Amino acid sequence: MRGMRVTIWDLRKMKERGEKIPMLTAYDYPTARFLDEAGIPAILVGDSLGMVVLGYESTVQVTMEDMLHHTKAVARGAKRALIIADMPFMSYHISPSQALENAARLVREGGAQAVKIEGGEEVAETAFKIVRSGIPVMGHIGFTPQSIHQLGGFKVVGKTREAAAKLLSDARALEEAGVFAVVLECVPAQLAELITQRLGIPTIGIGSGAGCDGQIQVVSDILGLYPDFVPKHAKQYFKMGEIIRKAAAEYIEEVKKGAFPTEKESFFIDEALLEGL
Ligand code: KIV
């Protein structure tokens with residue numbers, strides 16, 4: 001990888017070497033820079049930004065303009081990580097030309113190197129067409145948040161034999177369509193491991209156990225930056241929200257009592273310049 005941009009083929013080689021693939025989401029310039037400097041191989045500009053950054057109720061409200069705005073910021077910050085941008089709800093379902101046009105915008109205007117779409121067999125043809133146009137595609141099966149209303153809420157997917165078989169055939173259809181990796185979200189660990197063994201492309205798990213080739217988490221979840229809830233599959237490495245509250249309370253207090261700013265944070269001129277003003 002030697003300081004150059006990570007490619008989809010580097011991720012494939014990591015699977016072949018049995019090297020785990022850590023991924024995180026990012027939505028802005030500073031976070032992308034910090035993650036890049038920490039050595040993350042791939043960053044997803046997830047449509048989870050709808051909830052964790054924009055305060056929407058679900059990913060269904062996220063637009064192409066939202067995705068472009070945040071993908072551009074991430075692309076300015078991450079110089080080495082592979083940047084994958086989520087295609088938002090209804091940006092790839094209406095027609096193949098709509099899907100191609102929007103995928104191209106995320107790459108050309110946004111600065112991403114790849115896109116992600118949700119769904120199995122039903123989106124395989126769309127994935128195929130985008131890949132054929134030269135844009136790498138990542139799949140996403142299991143719990144697919146853009147279908148929240150159809151699913152009737154959050155669900156672990158693949159708990160019956162029938163559902164497990166469907167997930168395996170979805171994963172195979174996506175691999176055949178040419179996707180370079182597939183996210184398995186909230187899939188039972190043993191099934192995720194089996195899918196991982198059956199595919200040549202990397203599986204990236206979220207809430208799908210340790211048997212996947214890689215893991216992805218929403219950066220706000222692991223940093224404690226999302227105030228509404230912490231998903232069961234997330235580990236909070238830090239409580240950023242508490243640090244922000246504490247720092248803001250200290251700042252408010254210091255401004256009120258005149259303890260901030262001090263001379264150290266101020267700028268001065270020669271007093272003589274003010275005489276007679
Ligand atoms: O939008 C997102 O952040 C995602 C990940 C949870 C995989 O799709």
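As the structure is a computational prediction, the values presented were derived from the model and not from experiment. For ligands, and for the atoms within them, numbers begin at 1 and follow the listed sequence.
- Between D36 and R80 there is no salt bridge, since no side-chain nitrogen of the basic residue lies less than 4.0 Å from a carboxylate oxygen of the acidic one.
- Residue contacts with ligand 1, taken as heavy atom pairs separated by less than 4.0 Å, involve L44 solely via side-chain atoms from C-beta onward.
- Considering backbone and side-chain N/O atoms, S48 comes within less than 3.5 Å of an N/O atom of ligand 1.
- Within the 4.0 Å heavy-atom criterion, the part of T25 lying near ligand 1 is the side chain and not the backbone.
- E265 and T262 share a side-chain donor-acceptor pair at under 3.5 Å.
- The ligand atoms of ligand 1 that sit less than 4.0 angstrom from a heavy atom of G46 are 1 (O), 2 (C), 3 (O).
- Under 4.0 angstrom from ligand 1, the non-hydrogen atoms of I206 all belong to its side chain.
- For R172 and E176, the salt-bridge test fails: no basic side-chain N is under 4.0 Å from an acidic carboxylate O.
- Considering backbone and side-chain atoms together, Y27 places no N or O closer than 3.5 Å to any N or O of ligand 1.
- Under 4.0 Å from ligand 1, the heavy atoms of D86 that appear belong solely to its side chain.
- Near K116, meaning under 4.0 Å from any of its heavy atoms, are these atoms of ligand 1: 4 (C), 8 (O).
- A salt bridge does not link K166 with E162: none of the charged nitrogens is closer than 4.0 Å to a carboxylate oxygen.
- Side-chain contact, T25 with Y27: a donor N or O sits under 3.5 Å from an acceptor N or O.
- Salt bridge E101/R105: absent, no basic N to carboxylate O contact under 4.0 Å.
- For the pair E118 and ligand 1, the shortest N or O to N or O distance does not fall below 3.5 Å.
- Contact annotation: the side chain of H93 approaches that of Q146 to within less than 4.5 Å [non-hydrogen atoms, C-beta and beyond].
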